[in-house]
**Student:** 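Sharing a structure, written as structure tokens. Questions coming.
Basis for what follows: all heavy atoms, side chains included, without hydrogens, waters or symmetry-related copies. Because the structure is predicted, anything quoted here is derived from the model rather than measured. So that the names make sense, note that chain A is the first sequence line, chain B the second, and so on, each numbered from 1.
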2 protein chains.
Amino acid sequence: MTVTIYDVAREANVSMATVSRVVNGNQNVKPATRKKVLKVIEELGYRPNAVARGLASKKTTTVGVIIPDISNSMYAELARGIEDIATMYRYNIILSNSDQNQNKELQLLETMLGKQVDGIVFMSGVITPELLHEMERSSTPIVLAGSIDESAAIASVNIDYYGAAYEAVKKLIDNGHKKIAFVSGPLTSKVNKDYKLKAYRQALLDADIEFEEQLVVECNNSYEEGMEAVETLKALDPTAYFVSNDEMSIGVIHQLEANGKRIPEDVEIVSYENSKLARMARPMLTSIAFPLYDIGAVSMRLLTKYMNKEEIEEKQVILPYRIEERQSTKNND
Amino acid sequence: MTVTIYDVAREANVSMATVSRVVNGNQNVKPATRKKVLKVIEELGYRPNAVARGLASKKTTTVGVIIPDISNSMYAELARGIEDIATMYRYNIILSNSDQNQNKELQLLETMLGKQVDGIVFMSGVITPELLHEMERSSTPIVLAGSIDESAAIASVNIDYYGAAYEAVKKLIDNGHKKIAFVSGPLTSKVNKDYKLKAYRQALLDADIEFEEQLVVECNNSYEEGMEAVETLKALDPTAYFVSNDEMSIGVIHQLEANGKRIPEDVEIVSYENSKLARMARPMLTSIAFPLYDIGAVSMRLLTKYMNKEEIEEKQVILPYRIEERQSTKNND
DNA sequence: CTGAAAGCGCTAACAA
DNA sequence: TTGTTAGCGCTTTCAG
């Protein structure tokens, strides 16, 4: 039924090995026989079976990608970065959503290793010890994308979350604000809890501003909770907001405006992410550029190096961030 | 090095066949031996090799997904629908972006078939004859998600694009508008050209409104081109807009407001998509609900039926749409 | 309920 | 430059 390498060999009067060589672009084939084989392949409509190839060669040219949720634009951007580089290196992607659920993450890892992927790009807010243990146990290369593992046991690519957050808050302080709210994503996520929040506190401390617990509101990263955060903070009446992502920032703006505030005249906002949404907001958002696409691309590139057993110069990659100033802050140029 | 089924068999004093049976949940195993085998599996840390299994069984429990661009929220939503159902049925997803480039689509199909996927979910604005030919040639089940193949040769799931667009325009007409612009996505896409545009023309015709070529503006679906469309149409000064997706609608609104128009008082807008953005816009968008997640989910469900060789009652599935009325139109309840 | 044995389609030494 | 021959790790008859 399906035509195999054996059928081609027979028709072309050569051995399987020779067919295999031409299919794999091995140079040790006389041009004439190559041509002959190619012709038969064409005639028979032969298509190499990658599964058989994978079993024999122990390489599948596919990599696993485990991310929280592809329908979230941040992770989708990351995924696109991964896929573009993967394609460039001729890898395919097995993509799975973990919803940050640790059991699912563990099980997904297991499944992908079972499928003999050549490598894995993994993203999650928390890399638990169990996860880390599984990752170290496996001989399959893994790189963490936008995810922190402080033990530095696993390769990773990130930005300087602390520095970025510090700069955002610093800007607000420099603009004269004393009462700065922090609308955070889930504090279960290490980046939020141990980097952004700490940077926020430290920036305040460095400016002799007292930290007030109530000024930090934990949200689920959604537009709606951004709006709610403003209501939660209403009594405190902060004059500036540092917000964890663009979607929530838009919620913050809308609710602030509903409450009669003008932005940036009455309230200034620094967002974090700098996605397309930052330009689609009114006023447009000043936002810390968090380069998701690049993180994905660099992670995948790093992974290819591991898969090729190349020399790795930097196991923990830190990509640059920058602050994109727009209309949600008063800018003094 | 890696532990195989053979190692387990030896340690447990049974045959490979028995180990295979317990791994695959075959009931024909005495509880005692099952337990013994399970124990050895645990001890040795045995993990079945899915590639070998795939070669032997000719099933990979993975399906291919070819979509235009995962970083576009519409397709990301679709992908999530597909993945959720796939997970439910224990399939994994190989995800690839085609950027609607036909060569890439063809080559991706080829790659996935080579990888022996059990099925494919495919999405594209245009299903060319070449593509159709390849799809029909393959014995691997394929379903088209949100993509039109008028020959109805391939299974598909869609909504009634024509009816949805007709209703959108009709609503604008019913609200008294005579000069209704259509800000369309690429007219290379069949849905836009042969369904939405035709519905727009017919709705006008049915209301004795003359069709004006200049009132339809072709865009690339982006926010920026939504804004530009308004400028392009400035001289004609339409009093209503039917816009192909939410992102462009926001661009339209912002540019309209920049030009001093009030919405919906001066200009009414009906969007198409009804994503999260529709609620994040100000005013919030009246939008035709285009259920991407559901299309993905139903496509995948349909695919499972083909993969299981189940009876298919409906090869061309049409999902319902509805119009979600919000603030960008005047609503007369 | 269990085992033996024949592949699945290909790669990769090793020979020639 | 080409062919021979083992596997790769598992499923699946077929016997018993």
**Student:** Would you be so kind as to tabulate the donor-acceptor pairs closer than 3.5 Å made by side chains of residues 44-55 of chain A, with sequence neighbours excluded?
**Tutor:**
| from | atom 1 | to | atom 2 | distance (Å) |
| --- | --- | --- | --- | --- |
| Arg47(A) | NE | Glu110(B) | OE2 | 3.2 |
| Asn49(A) | OD1 | Val51(A) | N | 2.7 |
| Asn49(A) | OD1 | Ala52(A) | N | 3.0 |

**Student:** Could you check Thr18(B) against Arg21(A) and say which one's nearest nucleotide on DNA chain C is further toward the 5' end?
**Tutor:**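 Counting from the 5' end, the first nearest nucleotide belongs to Thr18(B).
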**Student:** Between residues 6-14 of chain A and DNA chain D, which residues have a heavy-atom gap below 4.0 Å?
**Tutor:**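 Asn13(A), Val14(A), in order of number.
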**Student:** Carefully, step by step, assess Glu150(B) and Lys190(B) under the rule side chain to side chain contact (heavy atoms under 4.5 Å, CB included).
**Tutor:** CA-CA 10 Å; Glu150(B) 278 173 337; Lys190(B) 190 165 194 64; 3.3 Å; yes
**Student:** Working note: Glu42(A) + Lys39(A), criterion salt bridge (charged side-chain N to carboxylate O under 4.0 Å, His left out); need CA distance, chi angles, decisive distance, verdict.
**Tutor:** CA-CA 5 Å; Glu42(A) 175 72 15; Lys39(A) 181 157 160 288; over 6 Å; no
**Student:** Go through residues 22-43 of chain A and report each residue with a non-hydrogen atom lying under 4.0 Å from DNA chain D, sorted by number.
**Tutor:**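 Output list: Asn28(A), Val29(A), Lys30(A), Thr33(A).
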**Student:** Could you pull out all residues at least two apart from Tyr75(A) that satisfy ring pair (Phe, Tyr, Trp, His ring centres under 6.0 Å)?
**Tutor:**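 Ring pair (Phe, Tyr, Trp, His ring centres under 6.0 Å) list for Tyr75(A), sorted by chain: empty.
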**Student:** Residues in salt bridge (Lys or Arg N to Asp or Glu O under 4.0 Å) with Lys305(B), at least two apart?
**Tutor:**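 In terms of salt bridge (Lys or Arg N to Asp or Glu O under 4.0 Å), with neighbours along the sequence ignored, Lys305(B) is linked to Glu313(B).
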**Student:** Between Thr304(B) and Asn308(B), does the side chain to side chain donor-acceptor pair (under 3.5 Å) criterion hold? Intermediate values first, please.
**Tutor:** CA-CA 6 Å; Thr304(B) 63; Asn308(B) 293 333; 5.0 Å; no
**Student:** Step by step, work out the side chain to side chain contact (heavy atoms under 4.5 Å, CB included) result for Phe122(B) and Leu131(B).
**Tutor:** CA-CA 11 Å; Phe122(B) 190 97; Leu131(B) 233 24; 3.9 Å; yes
**Student:** Just checking, any donor-acceptor pair under 3.5 angstrom between side chains of Lys104(A) and Ser96(A)?
**Tutor:**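 Per modelled atom types, Lys104(A) and Ser96(A) side chains form no pair under 3.5 Å.
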**Student:** Mind running a 4.0 Å heavy-atom check of residues 107-118 of chain A against DNA chain C and sending the residues that fall below it, in number order?
**Tutor:**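 By residue number: none to list.
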**Student:** Reading DNA chain D in the 5' to 3' direction, which nucleotide is the first one with an atom under 4.0 Å from a heavy atom of chain B, and which is the last?
**Tutor:**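 Result: dG9(D) to dT12(D).
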**Student:** What's the shortest heavy-atom distance between Asn221(A) and Gly185(A), and which atoms?
**Tutor:**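 For Asn221(A) versus Gly185(A), the nearest heavy atoms are OD1-CA, 3.4 Å.
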**Student:** In terms of the nearest nucleotide of DNA chain C, which residue is placed more toward the 5' end: Met16(B) or Lys59(A)?
**Tutor:**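 Its nearest nucleotide lies further toward 5', so the answer is Met16(B).
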**Student:** Test of understanding: with side chain to side chain donor-acceptor pair (under 3.5 Å), list the residues that count as partners of Ser15(B), not counting sequence neighbours.
**Tutor:**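 For Ser15(B) the side chain to side chain donor-acceptor pair (under 3.5 Å) partners, ignoring immediate neighbours, are Thr18(B).
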**Student:** Set out, in order, the CA-CA distance, both residues' side-chain angles and the distance that settles side chain to side chain contact (heavy atoms under 4.5 Å, CB included) for Phe290(B) and Ile295(B), then state yes or no.
**Tutor:** CA-CA 9 Å; Phe290(B) 180 27; Ile295(B) 289 180; 3.4 Å; yes
**Student:** Holding to side chain to side chain donor-acceptor pair (under 3.5 Å), I want the full list of residues that pass it with Asp118(B), two or more places apart in sequence or in another chain.
**Tutor:**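 Side chain to side chain donor-acceptor pair (under 3.5 Å) list for Asp118(B), sorted by chain: Thr60(B).
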**Student:** Counting N and O atoms only, with roles assigned by atom type, does the side chain of Gln102(B) sit under 3.5 Å from a partner on the main chain of Thr128(B), one being a donor and the other an acceptor?
**Tutor:**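 Checked: no pair found.
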**Student:** So, for Glu105(A) and Ser98(A), which heavy atoms are closest and what is the spacing to 0.1 Å?
**Tutor:**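 Smallest heavy-atom distance, with atoms named: CG-CB, 3.4 Å.
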**Student:** Answer with base, sugar-phosphate or nothing: what part of the nucleic acid does Ser20(B) contact at a heavy-atom distance below 4.0 Å?
**Tutor:**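 Touches a base.
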**Student:** Hey, does Asn97(A) have a side-chain heavy atom less than 4.5 Å from the side chain of Arg80(B)?
**Tutor:**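 Yes - at least one pair of side-chain heavy atoms lies under 4.5 Å apart.
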**Student:** Rounded to 10°, tell me the angle between the two end axes of the helix from dC1(C)-dG16(D) to dA16(C)-dT1(D), each built from five pairs.
**Tutor:**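 For the helix from dC1(C)-dG16(D) to dA16(C)-dT1(D), the axes at opposite ends meet at about 30°.
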**Student:** Under the criterion side chain to side chain contact (heavy atoms under 4.5 Å, CB included), I'd like the reasoning laid out for Asp69(A) against Asp99(A): C-alpha separation, chi angles, the key distance, then a yes or no.
**Tutor:** CA-CA 6 Å; Asp69(A) 175 14; Asp99(A) 294 312; 4.2 Å; yes
**Student:** Near DNA chain D, which residues from residues 44-53 of chain A have a heavy atom under 4.0 Å away?
**Tutor:**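 Within residues 44-53 of chain A, no residue comes under 4.0 Å of DNA chain D.
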**Student:** Going 5' to 3' along DNA chain C, which nucleotides are the first and last within contact of chain B (any atom under 4.0 Å from a heavy atom)?
**Tutor:**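 Counting from the 5' end, contacts occupy dC1(C) to dG9(C).
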